[in-house]
Structures are given as structure tokens and as C-alpha cells.
Amino acid sequence: MAYWLVKTEPADGGLPAFHAAGAASLVWDGVRNYQARNFLRAMSLMDKVLLYHASCAEIGVVGQLKVAREPYPDPSQFDPNSPYFDSGSHQTQPRWTAVDLTLVRAFPEVIRLSTLKMMPVFTGSALTRKGSRLSVLPMTEDQWRAVMALSTI
DNA sequence: GCCAACGTTGGC
DNA sequence: GCCAACGTTGGC
């Protein structure tokens, strides 16, 4: 089992969208960075995922997700009307990957980036490092536990 | 709105 | 294959 964190802006597949979806899953598509894609491809149904809000008033971890469907070709890469359309990707060998995610729970409080930055377990991590643009990233078990501990306060 | 940190593109 | 220019991400 592995631990992950996925980043989004609140208005673009963030917590409001998961609340609207209820128990249903959302397609996590549009990842167009190879390193992030490789992490997506490594996801399995057993894995645990954190949801992170970026570029907003309350930056930080907002809830817990689970993998509802294992990695499959991101449909948006073949959709000419999608902003994520990639004319260089072919059906026979899709370039980009999606997963489906469902909300497990929303945290009562946002666990802020500024809080994470103070925690030794996050020192040097891609999440707290200045300028890191990775939108899907692995977490260590210790990092996961630390977030879980804060999320129940 | 600013700017630092990246990743990507394209000329050579 | 190098690297400058450019576009994007994302914190502040």
C-alpha cells in the first residue's frame, strides 16, 4: 500500500466537487507532467490519498480520498474540445493517465501548508519545498501519520 | 500582482 | 546535445 497527495485548486476538482459528488467518484484527469503521471500510474485501489488545495486563501490539506478506479488512459487527451487535448497522443499508445477518486472524509479544519512546513517530517519534501510544481506526489508513512494526527484535533 | 522555480520548446 | 527563451505553477 502506498500514500499519495494530489493537488488542485478548490474550484477545479477540489473539495466542493467531491462534496457534490457524494459517494460517487471523480475522474482525476488533466495531469500533463510526466513525473506526476508516473506517480498516477503507480496508484492502486489499496492506496490512500490526501487532497490538497493550492492557489487559494487556505492553502493546505483538506481531506482524504481513496482510489476508486485504477490507472487508465486519460480520456481528455483524445477530446479536441478539452483544454487537456493532446494531439500528439495516440489511442494505441496513450500518453496520459487518469484515476478515479472518491472522498473518504473532509477534515474539520484545513491543515495549512504553513503548519506542514514547521513539521520535521516534511523537511525537504516536494510539498513544502518552495517552487515545487508537482501535482501528484508520494508521501511517506510517517508523513501520512502526521497528517492523520492533525486531522483529528 | 509579483516573482521564483520549474518544465518544455526550438534554434543552433 | 546544449541552452536561451518562454509558458506555467503556485506561494506570498
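Basis for what follows: all heavy atoms, side chains included, without hydrogens, waters or symmetry-related copies. So that the names make sense, note that chain A is the first sequence line, chain B the second, and so on, each numbered from 1.
Extent of DNA chain C lying under 4.0 Å from chain A heavy atoms, first and last nucleotide in 5' to 3' order, is C:dG7 to C:dC12.
The closest side-chain heavy-atom distance from A:V99 to A:E70 is not below 4.5 Å.
Within the structure, every pair that satisfies the side chain to side chain donor-acceptor pair (under 3.5 Å) test and touches residues 2-15 of chain A, not counting sequence neighbours, is listed here: A:W4-A:D47.
Checked by atom type, the side-chain pair A:R105/A:S151 shows a donor-acceptor distance below 3.5 Å.
For the residue pair A:F78 and A:H90, the shortest heavy atom distance occurs at CE2-C, 3.6 Å.
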Under 3.5 Å, which donor-acceptor pairs link side chains of residues 53-62 of chain A to any protein atom two or more places apart or in another chain?
unit_1	atom_1	unit_2	atom_2	d
A:H53	NE2	A:L15	N	3.0
A:E58	OE2	A:R112	NH2	3.1

